[in-house]
Protein chains: 2
Amino acid sequence: MGRWEPNARERLAKAALELYSERGYEQTTVAEIAKRAGLTERTFFRHYADKREVLFGGSVALQDLFVNAVAEAPGPAAPIDAAAAGLEAAAAVFDGRREHSRQRQAVIAANTELQERELIKLASLSAALADALRRRGVTEPAASLTAEAGVAVFKVGFERWTAAAEERTLSQVMRESLEELKAVTAGG
Amino acid sequence: MGRWEPNARERLAKAALELYSERGYEQTTVAEIAKRAGLTERTFFRHYADKREVLFGGSVALQDLFVNAVAEAPGPAAPIDAAAAGLEAAAAVFDGRREHSRQRQAVIAANTELQERELIKLASLSAALADALRRRGVTEPAASLTAEAGVAVFKVGFERWTAAAEERTLSQVMRESLEELKAVTAGG
DNA sequence: CTACGCGATGACAGTCACTGACATCACATG
DNA sequence: CATGTGATGTCAGTGACTGTCATCGCGTAG
């Protein structure tokens, strides 16, 4: 065994989430993660740029999904409605992964460095959304602000969904949060 | 000289900004910053938690200012208007510091780790704003969403201000950005 | 079947951010 | 002039991350 077991990358991600959950992010060394995955520390860094990134392997796929949905929204849709289409597409990914999402969120919530990484992933998402909106003809600063608003809704909605006891769909929570944002910004 | 020169903390911040500008964040070691400030590496870490934090010494004061303005906004003001009052107060701090702001923004824009730190400072600001709004009687999720919206306006407004050639006031740019956000979220 | 090439992994040395422990200095106060 | 206190220096150590080279498993040309 050892060399040439398949799925090294996924094994590392699984081992990392387990160890971060068991003893905390800071108390886990990269060498321990690699060992549990049957690999060496050096190989860990060939698959992930750093100790944080191992929790964010899916962020590229999520961003692509979100952005494509915005790009392919009906031509006449308003910017905010295009963003809403992106939220729907993104929300669908998490169906049936609520427990995994919860565990991951708990690990991130417990450590500042991991929160930083999560925030920059969301910022990257926001930038990509603004780009997609501009390609739809939306001008600045409306594009950036719509993107920021969309990500804010995603963030708040996702937090409420992982925290909630009941079994509402993420997509439902997203829709409600978006309506709340509209109500709130209409208030002035 | 050496021991007991005054303002060690400020000297470190100045040396760091200079070195990060001259040769980049990654190419600068903490030992070099300390040396330029006439101190040792160990002393650097007594003043700043890490190599990034040295660029964010003023964030606590900014947050306090922003939050206090929200808390002290007129009683009957809508949540979004209370946030607007906070934006005004925050904007005032940067009057006459445009060049310094530009240099600092350039350093941060050039490095991902620094962007992460900036984002978590903004997230902290958002959380504090949501808190202040809740103390005004605003309920969730309106408080969080208003806070996120306020920070989004701050972020976009600040970027436009440092990027702009003309000499508009930051406060003016903030007001415009807020109006844009309102227009955009009303669109659906 | 064998030699060769290629991509993934291991082994090892090195840099640097960051921390704990203890000594030392400048100044205030009695 | 003695003593306490807070800021600084010194030193040793851990762990994240990188560069370099050797090694392994497997496919493929001959």
Side-chain angles (χ1 to χ4, degrees), chain A residues 1-57 107-108 110-118 120-121, chain B residues 1-57 107-108 110-118 120-121:
Chain A
M1 55 164 291
R3 264 188 188 184
W4 307 127
E5 294 293 320
N7 305 324
R9 194 180 163 86
E10 287 69 28
R11 268 154 50 215
L12 285 166
K14 179 167 179 286
L17 181 59
E18 288 171 6
L19 285 165
Y20 292 172
S21 290
E22 289 169 16
R23 58 180 90 158
Y25 171 81
E26 284 186 1
Q27 284 65 47
T28 303
T29 69
V30 173
E32 291 168 342
I33 298 170
K35 188 177 179 184
R36 180 170 295 200
L39 295 165
T40 65
E41 187 181 359
R42 190 66 185 87
T43 298
F44 176 96
F45 287 109
R46 289 198 178 96
H47 286 278
Y48 296 102
D50 58 48
K51 191 184 167 187
R52 279 137 265 154
E53 197 66 17
V54 68
L55 284 182
F56 298 86
V107 168
I108 293 173
N111 182 271
T112 303
E113 289 182 45
L114 293 173
Q115 291 164 36
E116 289 183 339
R117 182 56 49 88
E118 170 135 296
I120 206 168
K121 297 294 182 185
Chain B
M1 55 164 290
R3 264 188 189 184
W4 306 127
E5 295 295 319
N7 305 325
R9 194 179 163 87
E10 288 68 29
R11 268 154 49 215
L12 286 166
K14 180 167 178 287
L17 181 59
E18 288 172 6
L19 285 165
Y20 293 172
S21 290
E22 289 169 16
R23 60 181 88 159
Y25 171 81
E26 284 186 3
Q27 284 65 47
T28 303
T29 69
V30 173
E32 290 168 341
I33 299 170
K35 187 176 180 186
R36 181 171 294 200
L39 295 165
T40 65
E41 187 181 0
R42 191 65 185 87
T43 298
F44 176 96
F45 287 109
R46 289 200 177 94
H47 286 277
Y48 296 101
D50 58 48
K51 191 184 168 187
R52 280 137 262 151
E53 197 65 18
V54 68
L55 284 182
F56 297 87
V107 168
I108 293 173
N111 182 271
T112 302
E113 289 182 45
L114 293 172
Q115 291 164 37
E116 289 184 338
R117 183 55 51 88
E118 170 133 295
I120 206 169
K121 296 294 183 186

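The sequence lines fix the lettering, A, B, ..., with proteins before strands; numbering per chain opens at 1.
- The distance between atom CD of B/Glu26 and atom P of C/dT15, rounded to the nearest whole Å, is 18 Å.
- D/dT10 atom C1' lies 17 Å from atom NZ of B/Lys35, rounded to whole Å.
- Not one N or O on the side chain of B/Thr43 forms a donor-acceptor pair closer than 3.5 Å with the backbone of B/Leu39.
- A/Lys51 places a side-chain N or O within 3.5 Å of a backbone atom of A/Thr28 that can act as its donor or acceptor partner.
- B/Ala8 comes within contact range of the sugar-phosphate backbone alone, with a heavy-atom separation under 4.0 Å but no base atom that close.
- Listed pair B/Thr40 / D/dG9 meets the phosphate criterion, a side-chain N or O lying under 4.0 Å from OP1 or OP2.
- In this structure a side-chain-to-backbone donor-acceptor pair under 3.5 Å is present from B/Gln115 to B/Ile108.
- Going from atom CG of A/Leu39 over to atom P of C/dA11 covers 11 Å, rounded to whole Å.
- In terms of phosphate contacts, B/Thr29 brings no side-chain nitrogen or oxygen within less than 4.0 Å of OP1 or OP2 of C/dC16.
- In this entry the distance linking CD of A/Glu113 with P of C/dA17 reads 15 Å, nearest Å.
- With hydrogens and angles ignored, the 3.5 Å screen pairs no side-chain donor or acceptor of A/Lys14 with any backbone N or O of A/Arg9.
- Ion pairing of A/Lys121 with A/Glu53 is present here, as a side-chain N (NZ or NE/NH1/NH2) and a carboxylate O approach within less than 4.0 Å.
- Under a 3.5 Å cut-off, the side chain of B/Arg11 and the backbone N or O of B/Pro6 do form a donor-acceptor pair.
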Could you write out each protein N or O paired with an N or O of nucleotides 17-20 of chain D at a distance under 3.5 Å?
residue: D/dC17; atom: OP1; partner: A/Arg52; partner atom: NH2; Å: 2.7
residue: D/dC17; atom: OP2; partner: A/Lys51; partner atom: N; Å: 2.7
residue: D/dG19; atom: N7; partner: A/Arg42; partner atom: NH2; Å: 3.0
residue: D/dG19; atom: O6; partner: A/Arg42; partner atom: NE; Å: 2.7

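- Looking at A/Glu113 and B/Arg117, no side-chain N of the basic residue comes within less than 4.0 Å of a carboxylate O on the acidic one, giving no salt bridge.
- Summarising the geometry, the separation between CG on A/Asn7 and C1' on C/dT9 is reported as 16 Å, rounded to the nearest angstrom.
- In this entry the distance linking CG of B/Asn111 with P of C/dA17 reads 12 Å, nearest Å.
- A side-chain donor-acceptor contact under 3.5 Å links A/Asn111 to the backbone of A/Leu114.
- For the ring pair (Phe, Tyr, Trp, His ring centres under 6.0 Å) test, residues two or more places apart in sequence or in another chain that qualify with A/Tyr48 are A/Phe44.
- Put simply, CD on B/Gln27 is 13 Å from C1' on C/dT15, counting in whole angstrom units.
- Over its length, the helix from C/dC1-D/dG30 to C/dG30-D/dC1 turns its helix axis by 0°, as judged from the five terminal pairs at each end, rounded to 10°.
- For the pair B/His47 and D/dA7, the criterion of a side-chain N or O lying under 4.0 Å from OP1 or OP2 is not met.
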